[in-house]
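First the proteins, then the strands, lettered A, B, ... as listed; each starts at 1.
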Protein chains: 2
Amino acid sequence: MANGPQFQPVQPVRAYQRIVEQVEEALVRGDLAPGQRLPSERELVTQFAVSRSTVREALRVLESNGVVRSRPGDPNGPEILPFSSTALRKQIVRLARVDELTLAELIAFRMIMDGAAIQVASRLRTPEQLAELEGTLVAMRAAIDVDFAAFSEADLTFHDVIARIARNSLIETCNEVVRGVVLTLISDKIAHASNSRALMLESLQHHAEVVDAIRSGDGHAAARIARQNMYDYYAGYVPEDERGALRALTD
Amino acid sequence: MANGPQFQPVQPVRAYQRIVEQVEEALVRGDLAPGQRLPSERELVTQFAVSRSTVREALRVLESNGVVRSRPGDPNGPEILPFSSTALRKQIVRLARVDELTLAELIAFRMIMDGAAIQVASRLRTPEQLAELEGTLVAMRAAIDVDFAAFSEADLTFHDVIARIARNSLIETCNEVVRGVVLTLISDKIAHASNSRALMLESLQHHAEVVDAIRSGDGHAAARIARQNMYDYYAGYVPEDERGALRALTD
DNA sequence: AGCTGTGACTGGTCCGACCAGTGGACTAGG
DNA sequence: CCTAGTCCACTGGTCGGACCAGTCACAGCT
């Protein structure tokens, strides 16, 4: 049999898709920047030489991808949005929903990413950044006296600072997204009201240990402590027979 | 000032959004499964009691999110798709394009995820899975004599097997997606034609070392070797001043 | 100058129409 | 009886026009 050229199946390109492509290309070329406005739908109709239905379908896709936002009556036209992780979160949530994704996998993901970020941060951190990290510990201590939401917020800040020191916004975004998914998954099992203060104090203590390890520059120790803490914190929500992967990360 | 109830800003919910929500809810409830078909657009018009334009905008959003696929002329109606990571990849590519994401970050991400997967795999692997892993090594060796594409394919299989042993599809998906993004980013800098065979043999040797470490059950060693290999392989494409984070991962 | 009412324009939705393409039913042939 | 070919009902893609509620800028009033 002749080994001819490798043909690829073709699928028709719809008009609205080419509009989406043109807008996205303009965005990566820099011709369009967040904050700027697109022409009105009726103006786009003339520019692209298509009907308004087609323009609107393209705008709906762009809107669903978090690229633009249309508001009724706005004479300035659709707005180009700054990048946001909401669309990325949507996809991960979708991945989690098809139930190929267990809570154990999500927690393992967090242990891995957070541990790695801490390991990198303990090497790259400047004295100023170390001070900033210690500042967030103080803020966490103060937040305990407010309520759990405030503490959770301060905890989030801590991990944001870590990711920024590690100079990796992918880790930052993924961690934030997965953290949100994990929280929604276990939110119905949480009864923080009874013992929340003790839990918060314990969590603060663990964070302080991590900072100590970062201060001494021992990245492996810092990462190990952080992973162990996360294991202790979340393992109770994971079925016994799924904890193997998590324990493999705490060695 | 009275501390009244916490009102939230409201934004109007469009008709097409509620259609999208209903379809996605039906999907998570299991009323809709991949492979099944949606009613035709005109049928959906009567079921949702909206116009066809509205139905179509909803379908475009679902299609852009990888949930359904419409084909012109198909009497069976739009098809419910199995989950695919293409939409997730699209979002990560978008994140990479806004240039907040450097090549170094992507490679760091791969070093972290792949290393962690290998660490977990060396603990969870069964003798059969170890044999399967050794089998992929043989396949990689055979692929070297074909061409680089075949070798790359075999290499991908290796990492897929690792992720499956580690029982974490999130890692699997993220790794696959990021790997694709990395390849497209450096594809223009690659000139494999001259020395590809030597590179492939070296890569195979490194994979064999990883498998050795997995066989002996030393997860930390296996992970360290894997990260070091990836560093050696990719570091050349990363600017000198961005390699700090990568080196922090190879300690 | 500050306020107010108005109107041009926006996006959201609906309707009806036409076209090219698909696939199943139906028919003619084996 | 089964196969191969034709045909047509129906599909999605696109178009154009229409109406409505909402928004914002501006002209005119106080």
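Evaluated for a side chain to side chain contact (heavy atoms under 4.5 Å, CB included) with A:V68, the options A:L32, A:L81, A:L38 yield exactly one hit, A:L38.
A salt bridge is absent between A:E176 and A:R179; no separation between the charged side-chain nitrogens and carboxylate oxygens falls under 4.0 Å.
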Could you list the donor-acceptor pairs under 3.5 angstrom formed between side-chain atoms of residues 18-29 of chain A and any protein atom two or more places apart in sequence or on another chain?
residue	atom	partner	partner atom	Å
A:E24	OE2	B:R94	NH1	3.4
A:R29	NE	A:D31	OD2	3.1
A:R29	NH2	A:D31	OD2	3.0

Checklist outcome for this item: Its contact letters, B for base, S for sugar-phosphate only and - for none at protein heavy atoms under 4.0 Å, make nucleotides 11-18 of chain D read BBBBBB-B
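Residues satisfying the salt bridge (charged side-chain N to carboxylate O under 4.0 Å, His left out) test with A:E153, not counting sequence neighbours, are none.
One interatomic measurement links the two molecules: CZ of A:R37 to C1' of C:dT10, which rounds to 12 Å at whole-angstrom precision. Rounded to whole angstrom, the span from the CD atom of B:E79 across to the P atom of C:dG23 amounts to 11 Å.
Ring geometry for A:F109 against B:F109 counts as tilted: the plane angle lies between 30° and 60°, on a 0 to 90° scale.
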